[in-house]
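Keep in mind the model is a prediction, meaning the values are calculated, not measured. Here is how names work: the chains are called A, B, and so on, in the same order as the sequence lines, proteins then strands, and each is numbered from 1.
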Number of protein chains: 2
Amino acid sequence: MLELAVLGFLYDAQLHGYDLRRRIAALTGHVRPIADGTLYPLLKRMEAAGLLHRELQPGQVAAPRHMLSLTAEGKQDLLNRLREPDELFVTDENRWFTLLAFLRHLDDPAQQAAVLRRRLRFLTQPASFFWDEGRPLRAADFDDPFRQGLFTIATATTRTELEWLRQTLVALEPQA
Amino acid sequence: MLELAVLGFLYDAQLHGYDLRRRIAALTGHVRPIADGTLYPLLKRMEAAGLLHRELQPGQVAAPRHMLSLTAEGKQDLLNRLREPDELFVTDENRWFTLLAFLRHLDDPAQQAAVLRRRLRFLTQPASFFWDEGRPLRAADFDDPFRQGLFTIATATTRTELEWLRQTLVALEPQA
DNA sequence: ACAGGATATATCGAGTTCGAGGTATCTTCC
DNA sequence: GGAAGATACCTCGAACTCGATATATCCTGT
């Protein structure tokens, strides 16, 4: 997920690590300020893999910045990840949102639609947070307000997303 | 998060590892079937820490089951985690949902309300997925449908949750 | 003049997680 | 009778993440 976010942000603009870090923190939900010890080694790995290019820009504001940009290979890698995301990116809320943030980079509406269809398929499968003997439990099966809240929030989210998905698919698939 | 889920499920009933694994997979969103290699070592660590008790139940259905239950210390540990969750459990969607699933075990309505208030405080802070020069960007700042969808879904979710939080707080805090 | 905080990058060790592989039993279907 | 698949547990190495620690500059307030 982190790699996708790095690639996605750099597709638009050159950034330095510190800036990248703030943007990723905001995107993944203000929520999960990724550690220095995670980001900088990741950037080195990605540079070593030929996805990133690094350019030293001495003393702009404070310490010298390492301006990062995508190589041709890095751009291609981003597009591949967007076109054929791992199943986890379709099923996991956080990863799916990260993918959505950058799906516009995938230039072909048909390919964008195909990704949305995978999410649609996932969301329309029967699901529940709790099961008893193979039977899915519903909000009415609980008397505590917290699990009811869980269901209330999840249901509202799913309904909103399904509505958006269907509308957007109509716009992306002109005649079908 | 995993530890909280293990403690939460075992607070209600004895379970064996395999069953626990299915329940956790369903709760964390069908989405993230945790690996054997994660769960079993975790259970061993928790047993070594005195949180779990293990009892061998030979050949019920297939291989012998290790029925797990909470020790007194394990129950206390769950209640502590629910009463004073780390900040990440308040801000990260997945963790917060896990916490919500078991908040009923915390018997005191005042303590439950205090936890909900922390979430309320977090959700009412200004937030955005994207920023430009310190200014939060809004849905209208984007012309691609995917980022607009991101905002649409997030807004709907937050509104639903805020409504639920406020209603539930009224019920939990009788006169205040 | 100097402290504190933001900017900016980096490394290291400890702890976690994943994925692949292994073992064994029971049930179902052909 | 045998294969396949679900049940049930386990270990190991590779990879990753976090938190602590370090360094250095610039800006702001006192």
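For the segment residues 34-46 of chain A, residues with any heavy atom less than 4.0 angstrom from an atom of DNA chain D are, sorted by number, A/Ala35, A/Gly37, A/Thr38, A/Arg45. Residues from residues 9-18 of chain B with heavy atoms under 4.0 angstrom of DNA chain D, sorted by number: B/His16, B/Gly17, B/Tyr18.
Going from atom CD of B/Glu47 over to atom P of D/dC10 covers 9 Å, rounded to whole Å. With rounding to whole Å, B/Arg65 atom CZ is found 16 Å from D/dA6 atom P. Protein atom CZ of A/Arg21 is 11 Å distant from nucleotide atom P of D/dG19, rounded to whole Å. A straight line from CG of A/Leu56 to C1' of C/dA10 spans 13 Å, rounded to a whole angstrom. Put simply, CZ on B/Arg23 is 15 Å from C1' on D/dT7, counting in whole angstrom units.
When distances run from any side-chain atom of A/Leu2 to the nucleotides D/dA8, D/dT17, C/dA10, the shortest one goes to D/dT17.
Between A/Arg54 and C/dA10, a side-chain N or O to OP1/OP2 separation shorter than 4.0 Å is present.
When the C1' atoms of four end pairs are superposed on the next four at each end of the helix from C/dA1-D/dT30 to C/dC30-D/dG1, using five pairs per end, the two resulting axes differ in direction by 30°, to 10°.
For B/Arg81, the salt bridge (charged side-chain N to carboxylate O under 4.0 Å, His left out) test picks out B/Glu3, B/Asp77, with sequence neighbours left out. In this structure B/Glu84 satisfies the side-chain contact (heavy atoms from CB on, under 4.5 Å) test with no other residue, sequence neighbours excluded. Partners of A/Gln167 by side-chain contact (heavy atoms from CB on, under 4.5 Å), not counting sequence neighbours, listed by chain and number: A/Glu163. By the side-chain contact (heavy atoms from CB on, under 4.5 Å) test, B/Thr124 is found to be paired with B/Leu120, B/Leu162, B/Arg166, residues two or more places apart in sequence or in another chain being considered. Every residue two or more places apart in sequence or in another chain was checked for a ring pair (Phe, Tyr, Trp, His ring centres under 6.0 Å) with B/Tyr18, and none qualifies.
The residue B/Arg22 sits close only to the backbone: its heavy atoms come under 4.0 Å of sugar-phosphate atoms, none of a base.
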Under 3.5 Å, side-chain donor or acceptor atoms of residues 8-17 of chain B against the rest of the protein: list the pairs with distances, not counting sequence neighbours.
| residue | atom | partner | partner atom | Å |
| --- | --- | --- | --- | --- |
| B/Asp12 | OD2 | B/Arg104 | NH2 | 2.7 |
| B/His16 | NE2 | B/Arg65 | NE | 3.4 |

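Applying the salt bridge (charged side-chain N to carboxylate O under 4.0 Å, His left out) definition to pairs two or more places apart or across chains, those involving residues 109-123 of chain B are B/Glu87-B/Arg118, B/Glu93-B/Arg119, B/Arg117-B/Glu173, B/Arg119-B/Glu161. Residue pairs satisfying the side-chain hydrogen bond (donor to acceptor under 3.5 Å, both in side chains) criterion with at least one member in residues 34-54 of chain B, sequence neighbours excluded, are listed as follows: B/Arg21-B/Asp36, B/Glu47-B/Arg54, B/Arg54-B/His66. Sorted by first and then second residue, the salt bridge (charged side-chain N to carboxylate O under 4.0 Å, His left out) pairs involving residues 141-156 of chain A (not counting sequence neighbours) form an empty list.
A donor-acceptor pair is defined here as one N or O able to donate and one able to accept, closer than 3.5 Å; such a pair exists between the side chain of B/Asp108 and the backbone of B/Ala110.
Using bins of under 30°, 30° to 60° and over 60° for the plane-to-plane angle, the ring pair B/Trp164/A/Phe146 lands in the perpendicular bin.
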